*Asks:* 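The structure's right below; bear with me while I get my questions together.
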Amino acid sequence: MSEPPRFDRGHTDDLMSFLAASPTPYHAVANAAERLEKAGFRQVAETDAWDGTAGGKYVLRGGAIVAWYVPEGAEAHTPFRIVGAHTDSPNLRVKPRPDSGAHGWRQVAVEIYGGPLLNSWLDRDLGLAGRLSLRDGTTRLVDVDRPLLRVPQLAIHLDRAVNSDGLKLDKQRHMQPVWGLGEDVRDGDLIAFLEETAGLDEGSVTGWDLMVHPVEPPAYLGRDRELVAGPRMDNLLSVHAGTAALAAAAGRGPELPYIPVLAAFDHEENGSQSDTGADGPLLGSVLERSVFARGGSLEDRARALAGTVCLSSDTGHAVHPNYAERHDPTHHPRVDGGPILKVNVNNRYATDGSGRAVFAAACEKAGVPFQTFVSNNAMPCGTTIGPITAARHGIRTVDIGVAILSMHSARELCGAKDPFLLANALTAFLEG
């Protein structure tokens, strides 16, 4: 029996605000934490001893967040229901020596992160954001959300064959943005500018993790505003939906049969192998410490994980009207058709038949339709944190998401209904 939906078009409006306010993984987890704080969650430090009290808690580590809600009376062996996602997106990231330039142009040296569609970053007004590490050991978020940089494309007059032969971009030579004029390139100029922007003392910044972002805000698109165009939907759309679902599930309090969890990791786009990635120890440490804080043993931990299910939520490919032949002929996910179940028999996705049943039950409870995605046999299949989570922690994992176009572009496209359909399905899953 389906329940009334928790989320509607207002969820999509809020997603657009979340995307605009989260130009980096560090900003994304800070914004997710702020939403959870309003729902009664509190931050716990990994260096502190944890107690087994009921309620919502979360851990922040770099660009990752793990949050969970312990219902009153939960036993040490109570299983978890986990929504997994990732906070990072392909982009351009600032190098250790950022100040460069040539021929009267001042430029910022960048490195390519993940697998972006490089052409989508050309001729866009770009801002700069990230995390500054200070001399006193603290960190500060910074966001220059105005036109600051631009990667200018070569004029067609100097590349007459570009439309017939295709655009060919060298990652080192062609992707360095300009940000001013001047022959005298001085080391330290960019960081000095950011120190001034952030209101910090000169010379106080000793480390940085900075990345470029398009400053054009998310927008509804189309005659009937039935589409959403915006940056970083892969995969902040899932982070936002998972945060909303966890807060909603926590409102059920002692009625919850499981412990709902949100695990949003960094570094998915380059393999997840970091202390904040899905292939790192963060999630396992949090789950284990939660069991032990409630007086549990290794046996309780094993029992809890044996009954745990994770939905790995990430974006997938909607059928493209101009390239339908690139898709499997019998699997054509459509935008606004509901979340997709992602299947690959070679375990690029973690879904199996039993996992499908779990997701189908959650969608039925939420009154949400769902679709299935399978890659064309002649096309390579991407992967997610799903198989990593299943293998590392030994828990049943199901790969799902929202179907979009222009994945890994600086600006992606989804249906306006799909974000809140996903959030409703995730809420039903977390509530069990």
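Fair warning: this is a prediction, and the values are worked out from it, not measured in the lab.
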*Asks:* Using the side chain to side chain contact (heavy atoms under 4.5 Å, CB included) definition, which of the options Leu430, Val309, Val286, Val291 pairs with Phe80?
*Replies:* Val291
*Asks:* Report the distance from atom NE2 of His27 to atom CG of Leu141, rounding to the nearest 0.5 Å.
*Replies:* 4.5 Å
*Asks:* Determine whether more than 12 heavy atoms belonging to other residues, nucleotides or ligands lie under 6.0 Å from atom NZ of Lys417.
*Replies:* no
*Asks:* Measure the shortest side-chain to side-chain distance between Arg392 and Pro281 over non-hydrogen atoms and say whether it is less than 4.5 angstrom.
*Replies:* yes
*Asks:* Do Leu132 and Leu200 have side chains that get closer than 4.5 Å, going by heavy atoms?
*Replies:* yes
*Asks:* Using modelled atom types and a 3.5 Å cut-off, is there a donor and acceptor pairing between side-chain atoms of Glu46 and backbone atoms of Val59?
*Replies:* no
*Asks:* Taking Arg35 first and then Asp14, would you say they form a salt bridge - that is, a charged N and a carboxylate O separated by under 4.0 Å?
*Replies:* yes
*Asks:* Can you list everything that forms a side chain to side chain contact (heavy atoms under 4.5 Å, CB included) with His393? Sequence neighbours excluded, please.
*Replies:* Leu283, Thr389, Ile395
*Asks:* Let's go through Ile65 and Leu36 carefully: what are the C-alpha distance in whole Å and the side-chain angles of both, what is the deciding distance for side-chain contact (heavy atoms from CB on, under 4.5 Å) to 0.1 Å, and is it a yes or a no?
*Replies:* CA-CA 11 Å; Ile65 182 171; Leu36 291 172; 4.1 Å; yes
*Asks:* Between Ser285 and Leu282, is there a donor-acceptor pair closer than 3.5 Å when you use the side chain of the first and the backbone of the second?
*Replies:* no
*Asks:* Would you say the side chain of Ile404 lies within less than 4.5 Å of the side chain of Val335, judging by non-hydrogen atoms?
*Replies:* no
*Asks:* Using modelled atom types and a 3.5 Å cut-off, is there a donor and acceptor pairing between side-chain atoms of Arg61 and backbone atoms of Asp275?
*Replies:* yes
*Asks:* Are the side chains of Met16 and Tyr220 in contact, using a 4.5 Å heavy-atom criterion?
*Replies:* yes
*Asks:* Under 30°, 30 to 60°, or over 60°: which ring-plane class applies to Phe359 and Phe370, parallel, tilted or perpendicular?
*Replies:* perpendicular
*Asks:* Above 12 or not: heavy atoms from other molecules or residues under 6.0 Å from NZ of Lys95?
*Replies:* yes
*Asks:* Show your working on side-chain contact (heavy atoms from CB on, under 4.5 Å) between Thr315 and Glu412 and close with a plain yes or no.
*Replies:* CA-CA 11 Å; Thr315 54; Glu412 297 161 326; 5.6 Å; no
*Asks:* Between Pro218 and Leu19, what is the shortest heavy-atom contact and its length?
*Replies:* CG-CB, 4.0 Å
*Asks:* Does Thr427 offer a backbone N or O that forms a donor-acceptor pair with the side chain of Arg6 under 3.5 Å?
*Replies:* no
*Asks:* Side chains of His86 and Asp234 only: does a donor on one sit below 3.5 Å from an acceptor on the other?
*Replies:* yes
*Asks:* Report, as yes or no, whether the 6.0 Å neighbourhood of atom CD on Gln43 holds more than 12 heavy atoms from other residues, nucleotides or ligands.
*Replies:* yes
*Asks:* Please determine if Asp51 and Arg42 form a salt bridge, counting it only when a charged side-chain N lies under 4.0 Å from a carboxylate O.
*Replies:* yes
*Asks:* Any sub-3.5 Å donor-acceptor pair from Gln176's side-chain atoms to Val110's backbone N or O?
*Replies:* yes
*Asks:* Considering the options Asn91, Val144, Leu92, Asp143, which one meets the side chain to side chain contact (heavy atoms under 4.5 Å, CB included) requirement together with His213?
*Replies:* Asp143
*Asks:* Starting at CG of Asp314, measure out to CG of Leu237 and round the result to the nearest 0.5 Å.
*Replies:* 10.0 Å
*Asks:* Would you confirm whether Glu269, through its side chain, and Tyr113, through its main-chain N or O, come within 3.5 Å as a donor-acceptor pair?
*Replies:* no
*Asks:* To the nearest 0.5 Å, how far apart are NE2 in His174 and NZ in Lys171?
*Replies:* 13.5 Å
*Asks:* Exactly one of Trp68, Tyr58, Phe292 should register a ring-ring contact (aromatic ring centres under 6.0 Å, His included) with Trp50. Which one does?
*Replies:* Trp68
*Asks:* Give the minimum heavy-atom separation between Glu431 and Ala248, together with the two atoms involved.
*Replies:* OE2-O, 4.0 Å
*Asks:* Is the number of heavy atoms from other residues, nucleotides or ligands within 6.0 Å of CZ (Arg9) greater than 12?
*Replies:* yes
*Asks:* Quick one: does any side-chain atom of Ser312 pair with a main-chain N or O of Gly84 as donor and acceptor, under 3.5 Å?
*Replies:* no
*Asks:* Mind checking what makes side chain to side chain contact (heavy atoms under 4.5 Å, CB included) contact with Leu167, not counting sequence neighbours?
*Replies:* Asn119, Leu122, Gln153, Val162, Leu169
*Asks:* Could you list the residues that satisfy ring-ring contact (aromatic ring centres under 6.0 Å, His included) with Tyr258, not counting sequence neighbours?
*Replies:* none
*Asks:* Nearest heavy-atom pair of Arg124 and Ala410: which atoms, and what distance?
*Replies:* NE-CB, 3.7 Å
*Asks:* With distance as the sole test, does Thr351 use its side chain to make a donor-acceptor pair with the main-chain N or O of Asp399 at under 3.5 Å?
*Replies:* yes
*Asks:* Restricting to non-hydrogen atoms, name the atom on Asp336 and the atom on Glu226 that form the minimum distance, rounded to 0.1 Å.
*Replies:* OD2-O, 3.6 Å
*Asks:* May I ask you to decide if His327's main-chain N or O and Asn376's side chain share a donor-acceptor pair within less than 3.5 Å?
*Replies:* yes
*Asks:* What is the distance from atom OG1 of Thr139 to atom CG of Asp209, rounded to the nearest 0.5 Å?
*Replies:* 9.5 Å
*Asks:* Run the ring-ring contact (aromatic ring centres under 6.0 Å, His included) test against Trp121 and tell me which residues pass, sequence neighbours left out.
*Replies:* none
*Asks:* Using a strict 4.0 Å threshold on nitrogen-to-oxygen distance, state whether Asp300 and Arg294 make a salt bridge.
*Replies:* no
*Asks:* Heavy-atom distance under 4.5 Å between the side chains of Leu246 and Val83, does that happen here?
*Replies:* no
*Asks:* Checking His11 now: which residues fulfil ring-ring contact (aromatic ring centres under 6.0 Å, His included) with it, not counting sequence neighbours?
*Replies:* Phe7, His240
*Asks:* Could you go through Asp201 and Glu195, starting from their C-alpha distance and side-chain angles, then the distance that decides it, and tell me whether this counts as side-chain contact (heavy atoms from CB on, under 4.5 Å)?
*Replies:* CA-CA 7 Å; Asp201 293 336; Glu195 287 174 335; over 6 Å; no
*Asks:* For the residue pair Leu287 and Ile259, establish whether any side-chain heavy-atom pair is separated by less than 4.5 Å.
*Replies:* no
*Asks:* What are the two closest non-hydrogen atoms of Gln371 and Arg334, and how far apart are they?
*Replies:* OE1-N, 2.8 Å
*Asks:* Rounded at 0.5 Å granularity, tell me how far OG1 in Thr372 sits from CD1 in Ile400.
*Replies:* 12.0 Å
*Asks:* Between Ala76 and Gly295, what is the shortest heavy-atom contact and its length?
*Replies:* CB-C, 4.4 Å
*Asks:* Is a donor on one side and an acceptor on the other found under 3.5 Å between the side chain of Asp266 and the backbone of Pro25?
*Replies:* no
*Asks:* With sequence neighbours left out, write down each residue that passes ring-ring contact (aromatic ring centres under 6.0 Å, His included) with Trp179, or none if nothing qualifies.
*Replies:* Phe193
*Asks:* Taking atom CD of Glu196 as the centre, report whether more than 12 heavy atoms of other residues, nucleotides or ligands fall under 6.0 Å from it.
*Replies:* no
*Asks:* To the nearest 0.5 Å, what is the distance between OG (Ser238) and CG (Leu15)?
*Replies:* 10.0 Å
*Asks:* Salt bridge check: are Asp99 and Arg186 linked by an N-O gap of less than 4.0 Å?
*Replies:* no
